[in-house]
Amino acid sequence: MFLNFKHTTLDLTQPCVMGILNVTPDSFSDGGRFNSIEAALKQARQLIADGAAIIDIGGESTRPGAAPVSENEELERVIPVIEAIRRESDIPISIDTSKARIMLSAIRAGANMINDVYALRAEGALDVAAQLDVPVCLMHMQGEPRTMQQSPTYDDLINNIKEFLLSRVQACLAAGIKREHILLDPGFGFGKTPQQNLSLIKHLNQFADFGLPMLVGVSRKSTIGYILSKEVDERIFGSLALTTMAINNGASIIRAHDVAASLDAIKICQALKLAP
Ligand code: 7PM
């Protein structure tokens, strides 16, 4: 399977890592705008050096529990960083947003794909994504980021998520988005209990029925903290264990903070798969 960006192609025959670049006021010591752009750029260089195939830039409008961010604020956070990375690298950049205007501006500024935890359900998002003609990742989420962890319920977890993803794929196709541009994500951590999150990874191969590449984000998430009783900065080994399972069950792209470590895990999975 291949993912076609405007100027490059990503070979998904072997799984790859999408490195996370958070561009939020608290993710970098905020000594003014220039400093925060410089800090983000430095982080991006590290992700690239570590072997990221894609950089995912998010201005935190979609984070679980996060207060909504205004459109202008999100633009001011994200666009200068995209431009700065583009000045020195051709690495595919993904914009993590649910807002149509951010998608449009980000792609104009040099981003190459859309990563939307809201699966293009926000006003105007479907049409803008179709117009932009770039790859889109459709993620499953039950409820809204602010409240989704309160009491997630499903009558059949895997099938409910499959039905949702199928309906979003159909909406995308009807809007004119190319099938080759669609990626699916079951939404680990988005409106699911720890048990439900684990089921997702265990049964991930069921989402392969769509024949579309799967993206999975488990990196440092609270389900790992729940199992291991560890704080967010101590979850790297737990993240790698889940990454291994996700890869074995068919994931093509792993969205992660710890790119070098994730890539090692992926390479071991691949080597094992090819072993006699
Ligand atoms: C707080 C809680 C801050 C959770 C940030 C997060 C995914 C995503 C995120 C994912 C896709 C994080 C999450 N998670 N996009 N954006 N898939 N496609 O851990 O799992 O970064 S935000």
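Read the numbers this way: they start at 1 and go in the same order the structure lists the ligands and their atoms. Just so you know, these numbers come straight off a predicted model, no measurement behind them.
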**Request:** Indicate yes or no: does Glu71 engage Lys99 in a salt bridge with an N to O separation below 4.0 Å.
**Result:** no
**Asked** Any chain of hydrophobic side-chain contacts (each under 4.5 Å) joining Phe210 to Phe188?
**Response** yes
**Request:** Any atoms of ligand 1 less than 4.0 Å from a non-hydrogen atom of Leu215? List them with their elements.
**Result:** 18 (N)
**Prompt:** Does the His257 side chain pair with the main chain of Leu21, one donor and one acceptor, at a distance under 3.5 Å?
**Reply:** no
**Asked** When rounded to the nearest 0.5 angstrom, what is the spacing between CD1 in Ile266 and OG1 in Thr244?
**Response** 9.0 Å
**Closest heavy-atom pair and its distance - Gly191, Pro152** = O-CB, 3.1 Å
**Request:** State the atoms of ligand 1, each with its element, that fall below the 4.0 Å cut-off from a heavy-atom position in Asn115.
**Result:** 11 (C), 15 (N), 18 (N)
**Message:** Below a 4.0 angstrom heavy-atom separation, can you tell me which part of Val117, side chain or backbone, both or neither, approaches ligand 1?
**Reply:** side chain
**Message:** So for ligand 1, is His257 a polar contact partner (N or O within less than 3.5 Å, distance only)?
**Reply:** no
**Message:** Test your reading of the model: is there a side-chain donor-acceptor pair from Arg86 to the backbone of Ser89, 3.5 Å cut-off?
**Reply:** yes
**Prompt:** Other than Leu240, what residues sit in its cluster of Ile, Leu, Val, Met, Phe, Trp and Tyr side chains whose heavy atoms are under 4.5 Å apart, directly or through others?
**Reply:** Ile236, Phe237
**Prompt:** By number and element, which atoms of ligand 1 are closer than 4.0 Å to a non-hydrogen atom of Asp96?
**Reply:** 16 (N)
**Prompt:** Quick one: which ligand 1 atoms are inside 4.0 Å of a heavy atom on Gly217?
**Reply:** 20 (O)
**Fill in**
With heavy atoms and a 4.0 Å threshold, my read on which part of Val218 contacts ligand 1 is neither
**Fill in**
Candidates Lys221, Met139, Met18; heavy atom nearest atom 14 (N) of ligand 1 found on Lys221
**Asked** Polar-atom distance check: Asp56 versus ligand 1, any N or O pair below 3.5 Å?
**Response** no
